Amino acid sequence: MFGRFHNYLRISVTEKCNLRCQYCMPEEGVDLTANDKLLTTDEIVRIARIFVQQGVDKIRLTGGEPTVRRDIIDLVRRLDELRPLGLRKIAMTTNGIALRRKLPLLREAGLDGVNISLDTRDPLKFEVFTRRRGCEQVLRTIDEAGKLGFDFVKVNVVVMRGQNDDEVPAFVEMTHDDPIDVRFIEYMPFDGNRWGKQKLVGYQELLDKLAPLYGDSIEQLPLEDNHTAKGYRIKGYRGQFGFITSMTKSFCSS
């Protein structure tokens, strides 16, 4: 469609989640689909195989929270068996709460990279945002992932005015010593998340706030094909950061 070649498949492996993030899920949770209506592991692998045979070379596992699925390690291992057919990358988007103890086995099973969601480095604010505890646990998970040789470790930060926009410099500093990619996501409306335009902080505003701190040290990175994030780095830092500008500057044309 539109001259694009689709080589990327996202698979939601569960509806369940162990957090109740304010912008994502109501406090009481959501009605779950009956288990007999959900894809089995065999069905997921079968669908993945068909897509890989048609040219898909990257698969991302999402949820809900994929690490709450009991057979997640076995699922990654079975997807890894599709590499002879052309699969190159297996990734996962996760909140990191239950990930740390599974990281070594997931890496061994064939997981190439992780996107870990973390909207604040402050434990008290974390509990307010997610209605659960676990900030320190997620930070340890990010550190551990960086030591296990994953192809990439990305940290997803949804920025909300008056709530965590003051932490953006601290997140950028996470890229100083570690080769991680911090991605600031513009706050988007979803059913029930009480979105308001006053909470939106556009990427240009965030860049303007970083300029006095880093000046000419901020370097824009070349845009990747089919990019969703505008990438930057601070000269001399090992990692990078970027902005997913779904509200203020659409990336659909990429």
Side-chain angles (χ1 to χ4, degrees), residues 14-30 62-68 92-103 114-147 153-178 180-203 205-210 212-214 229 234 237 239-244 246-247:
T14 181
E15 296 175 304
K16 297 177 181 178
C17 187
N18 46 9
L19 296 181
R20 294 292 181 269
C21 297
Q22 292 186 21
Y23 57 78
C24 181
M25 185 180 291
E27 186 172 4
E28 66 275 12
V30 295
T62 69
E65 171 50 42
T67 60
V68 304
M92 180 184 295
T93 297
T94 168
N95 60 37
I97 291 290
L99 177 63
R100 186 171 175 231
R101 64 180 180 272
K102 298 177 181 178
L103 272 174
V114 289
N115 288 48
I116 301 175
S117 299
L118 180 66
D119 300 324
T120 178
R121 294 166 49 87
D122 181 288
L124 293 179
K125 285 203 288 186
F126 182 93
E127 192 169 346
V128 172
F129 290 171
T130 67
R131 304 183 179 101
R132 300 289 189 274
R133 297 178 181 177
C135 183
E136 296 92 342
Q137 192 168 337
V138 179
L139 288 168
R140 288 195 297 268
T141 298
I142 294 170
D143 182 63
E144 184 71 19
K147 297 175 181 177
V153 177
K154 299 180 180 180
V155 179
N156 292 342
V157 185
V158 176
V159 181
M160 296 166 282
R161 188 181 305 280
Q163 298 187 50
N164 65 345
D165 53 322
D166 60 325
E167 295 188 62
V168 169
F171 275 105
V172 170
E173 282 301 307
M174 289 176 65
T175 70
H176 188 288
D177 297 319
D178 298 313
I180 63 175
D181 182 357
V182 176
R183 309 196 309 169
F184 300 108
I185 303 172
E186 293 180 343
Y187 185 42
M188 295 178 287
F190 294 100
D191 287 344
N193 75 344
R194 300 178 182 177
W195 183 89
K197 189 174 182 180
Q198 71 278 5
K199 295 181 181 179
L200 172 65
V201 187
Y203 92 101
E205 181 179 342
L206 293 177
L207 265 180
D208 291 344
K209 289 183 177 180
L210 292 172
L213 300 175
Y214 298 104
I234 306 299
Y237 284 26
Q240 64 186 64
F241 64 96
F243 303 92
I244 297 180
S246 47
M247 296 300 295

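Quick caveat, the model's predicted, so the values are computed rather than measured.
Electrostatic pairing of K209 and E205 counts as a salt bridge here, judged by a charged N lying under 4.0 Å from a carboxylate O.
Counting heavy atoms from C-beta on, the side chains of F171 and L118 come closer than 4.5 Å. M174 places a side-chain heavy atom less than 4.5 Å from the side chain of I142.
Put simply, the side chain of T141 gets close to the backbone of G96: a donor and an acceptor are under 3.5 Å apart. A donor-acceptor contact shorter than 3.5 Å links the side chain of E186 to the backbone of Y203. Judged by distance alone, with hydrogens and angles left aside, the side-chain atoms of N164 form a donor-acceptor pair with the main-chain N or O of D119 at under 3.5 Å. For R183 (side chain) and N156 (main-chain N/O), no donor-acceptor pair under 3.5 Å exists by modelled atom type.
Separating the CG atom in L124 from the CZ atom in R133 is a distance of 9.5 Å, to the nearest 0.5 Å. Taken from CG in D165 to CE in M160, the straight-line distance is 9.5 Å, to the nearest 0.5 Å. Note that the CG atom of N115 and the CG atom of N95 stand 12.5 Å from one another [nearest 0.5 Å]. Here CG of L99 is found 9.5 Å from CD of Q137. Values are rounded to the nearest 0.5 Å. Once rounded to the nearest 0.5 Å, the distance linking CD of E167 with CD of E173 reads 13.5 Å. The distance from the CD1 atom of I234 to the CG atom of L210 is 7.0 Å, given to the nearest 0.5 Å.
Side-chain polar atoms of E65 and T14 form no donor-acceptor pair below 3.5 angstrom.
Of all the heavy atoms in V172 and T175, the pair that sits closest is O-OG1, 2.6 Å. Closest approach of C135 to T120, counting heavy atoms only: SG-O, 3.7 Å. Smallest separation of non-hydrogen atoms from A145 and V114: CB-CG2, 4.3 Å.
The number of heavy-atom neighbours closer than 6.0 Å to CZ of R140, taken from other residues, nucleotides and ligands shown, is above 12.
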